[in-house]
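Worksheet: the structure to be examined is printed underneath.
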Amino acid sequence: MTRNGHHRLVEACARPGCPLCGCLRELAARHLAAVLAEHVTDPLTRARIAAAGGFCAAHAAALRKMPEAALGTAIVYQALVEQACRWLEATARAVGTPEGRGRWRRLVGRGRRGRSVPRSGRERCPVCVELAAAERRYLDGLLAGLAETELGGAYAASDGLCLPHLELALARAAPGPEATRLVALGREKLRALADDLRRFVDKHDHRVAPRFTDREAAAWRLALSLVAGRAEVFGPQLVRDRAAADGRSGRGRQPR
């Protein structure tokens, strides 16, 4: 990890929530802004975005909060929407023709035995690719810096890693002082959070007027972010059942 990355991690430890999620969230915003403000006319950048079919839903949602990226977004997504129009026009021509059946399966992403495939063999969201590499650097930098006064002290005073990042960090750590320190700090922080949540719940007793501390009032939001991680980093984990994947066969089925 670079010295600049080291400082970003130390600064993130002073803010609420998982410091690694915070660093990656800021990196995603910087990357999106740079791509759409400075590199939007670069053919290679445009080709990478087109190969991915645009940004993933999480990073597209982040873009909607960046009005300064409106023009760059419009330039990139005009080409993507026109590409989608051509895909639908080709699909429409294949509808209803016996000879177009195989072509139809390829166009709508339906392979043999109902298995679905990406619409056009799309690549991964370019921001997600960037974040995956940065995440590994930050994890290794955090593990290496836990014994240092600056980063080690800053992390000890932070809210700690979210559970997804804690799992990733422990998977990368060798058995020894780094892993031991990370586990000890994780247990300490999560126990404190559990105590804050318990007091928050207990103070909702209808017989008394609740008087929450700032920590107790914020505990439920912190618990959400620490257990699940940030959406911009870990994204949705939507799993579609076989009925949904098979199309018509699932219609009319009631949710359990």
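For the pair R136 and D140, the salt-bridge criterion is not met [side-chain N within less than 4.0 Å of a carboxylate O]. Between D202 and R199 there is no salt bridge, since none of the side-chain N atoms of the basic residue sits less than 4.0 Å from a carboxylate O of the acidic one. Checked for salt-bridge contact, R198 and E216 miss the test: no charged N lies under 4.0 Å from a carboxylate O.
With sequence neighbours excluded, the residues forming a side chain to side chain donor-acceptor pair (under 3.5 Å) with E82 are Q78, listed by chain and number. Contacts of D42 classified as side chain to side chain donor-acceptor pair (under 3.5 Å), with partners at least two apart in sequence or in another chain: T45. Residues passing the side chain to side chain donor-acceptor pair (under 3.5 Å) test with E150, sequence neighbours excluded: H6. The side chain to side chain donor-acceptor pair (under 3.5 Å) check on E135 picks up H165, with sequence neighbours excluded. Residues meeting the side-chain contact (heavy atoms from CB on, under 4.5 Å) test with A169, sequence neighbours left out: L139, L161, L182.
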Next item on the list: Decide yes or no on side chain to side chain contact (heavy atoms under 4.5 Å, CB included) for L63 and L36, but give the supporting numbers first.
Entry: CA-CA 10 Å; L63 267 180; L36 295 173; 3.2 Å; yes
Item checked: H59/C56 under side chain to side chain contact (heavy atoms under 4.5 Å, CB included): CA gap, chis, key distance, verdict -> CA-CA 5 Å; H59 292 124; C56 67; 3.1 Å; yes
Checklist line | Pair Y155-L9, side chain to side chain contact (heavy atoms under 4.5 Å, CB included): steps then yes or no | finding: CA-CA 9 Å; Y155 182 73; L9 192 50; over 6 Å; no
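In R30, the CZ atom is crowded: over 12 heavy atoms of neighbouring residues, nucleotides or ligands sit closer than 6.0 Å.
Listed here is the closest heavy atom pair of R8 and C23: O-SG, 3.6 Å.
Looking at heavy atoms from C-beta onward, I75 lies in side-chain contact with R46 at the 4.5 angstrom threshold. A heavy-atom distance below 4.5 Å is found between the side chains of E26 and R15.
Exactly one of P19, S225, P16 qualifies for a side chain to side chain contact (heavy atoms under 4.5 Å, CB included) with D159. That residue is P16.
Within the structure, ring-ring contact (aromatic ring centres under 6.0 Å, His included) contacts touching residues 128-147 (residues at least two apart or in different chains) do not occur.
Side chain of K203 to backbone of F212: no donor-acceptor contact under 3.5 angstrom is found.
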